[in-house]
Amino acid sequence: PPQAGCLPGSMNSEKGEADTLTVAVRVRPLLPKEVNTGAKDVVRVLDGKMVVMLDAITQENDYLRANRSKEKRFAFDHAFDPHASQRDIFARSTLPLIASVLKGINGTVFAYGATGAGKTHTMLGTRADPGVMVLALQELFIQAHADRLRNYTFSLSYLEVYNEEIHDLLVPNGSLLDLREDPVRGVFVSGLQQFTVTSADEVMDLLQKGNERRTTEATRANETSSRSHAVLQIFVQSKEKTANIRS
């Protein structure tokens, strides 16, 4: 059956309320090789919030099971069918976080799912069809440019965790990095490089290069499956446009 990758988003409420968590699921279509092997599509999305797993009865004349359906239903904040676009996913799962991030509120979006579920496609995408990471930076640039009161600076880091080892994906042939704890900074990765970015094109260039350095391995579900966890961190600094003007 099609597999689903989830896109939870987390942020602190502007009103000082408890942290909120939004969970979305994206159903990918069957791959050509799955169709060729006779796999069946048993997943349905209803009303943009409900995922139905049908009972895959292999024989129509299976009368013993006909009245004992094993159909299962799961409810989410958002559910996307195989026809949903990258921008649909971004608009409903991540866009609501952008304005708050520019106000200094932390936000997190992460994807998880089985190998071949489409996590890398959803988060990174391609230059022609960018994913959540790039679309988020695009929107940050748009909203920052529209702010007449503050100037913004954006930087990012991109790391890989594989077999409990941390690598900087933006530094070619970099050494292993250490996870440390500081009483002021909290938990951080020592030696992780940050790169200042000023456009979505720069972001895509960095992410594409970083993704080429990720550890991959062929699996039955994906010939170039990412075998590690990748973390993109975006750092936003801002100051009033009149901060350096003396009266």
Closest heavy-atom contact between [X] and [Y]?
| X | Y | result |
| --- | --- | --- |
| F90 | V132 | CD1-O, 4.2 Å |
| A91 | P96 | O-CD, 3.6 Å |
| A79 | V51 | CB-CG2, 3.9 Å |
| M204 | T126 | CE-O, 3.3 Å |
| R214 | S228 | NH2-O, 2.6 Å |
| D81 | V45 | CA-CG2, 3.8 Å |

Which residues pass the side-chain hydrogen bond (donor to acceptor under 3.5 Å, both in side chains) test with [X], sequence neighbours left out?
| X | result |
| --- | --- |
| R213 | none |
| S85 | D88 |
| R150 | S238 |

For a 4.5 angstrom cut-off between non-hydrogen side-chain atoms, does [X] reach [Y]?
| X | Y | answer |
| --- | --- | --- |
| I166 | L179 | yes |
| R26 | Q86 | yes |
| V203 | M133 | no |
| N211 | L207 | no |
| E160 | T215 | yes |
| F76 | K49 | no |
| L177 | D168 | yes |

- Task: Following the transitive rule for hydrophobic clusters with a side-chain heavy-atom cut-off under 4.5 Å over Ile, Leu, Val, Met, Phe, Trp and Tyr, establish whether V171 and L206 coincide in one cluster.
- Result: no
- Are V236 and F188 joined in one hydrophobic group, where the rule is that I, L, V, M, F, W and Y side chains link up if heavy atoms are under 4.5 Å apart? no
For [X], which residues count as a salt bridge (charged side-chain N to carboxylate O under 4.0 Å, His left out) partner, sequence neighbours excluded?
| X | result |
| --- | --- |
| R73 | E71 |
| R44 | D41 |
| R180 | D178 |

- Below 4.0 angstrom, N of the basic side chain to O of the carboxylate: do R28 and E34 qualify? yes
Atom [atom1] of [X] and atom [atom2] of [Y]: how far apart are they, to the nearest 0.5 Å?
| X | Y | atom1 | atom2 | result |
| --- | --- | --- | --- | --- |
| D147 | E240 | CG | CD | 10.0 Å |
| H78 | T22 | NE2 | OG1 | 5.5 Å |
| L102 | L97 | CG | CG | 11.0 Å |
| L124 | L232 | CG | CG | 9.5 Å |

- Message: Can a donor-acceptor pair be found, under 3.5 Å and without considering hydrogens, that links the side chain of N36 to the backbone of P32?
- Response: yes
- Item | K119 side chain vs G113 backbone, donor-acceptor pair below 3.5 Å | yes
Under the rule for side chain to side chain contact (heavy atoms under 4.5 Å, CB included), what residues qualify as partners of [X], not counting sequence neighbours?
| X | value |
| --- | --- |
| L176 | E165, H167 |
| S175 | none |
| N151 | K241 |
| Q233 | S157, L192, V231, F235 |

- What residue pairs, at least two apart or across chains, pass salt bridge (charged side-chain N to carboxylate O under 4.0 Å, His left out) with a residue in residues 183-211? R127-D205
- Query: Parallel under 30°, tilted from 30 to 60°, perpendicular over 60°: which one fits the rings of Y152 and F154?
  - Reply: parallel
Review item, side-chain donor-acceptor pairs of residues 134-145, under 3.5 Å, at least two apart:
unit_1, atom_1, unit_2, atom_2, d
E139, OE2, Q143, NE2, 2.9

- Message: A quick test of your reading: do over 12 heavy atoms of other residues, nucleotides or ligands sit less than 6.0 Å from CG of D47?
- Response: no
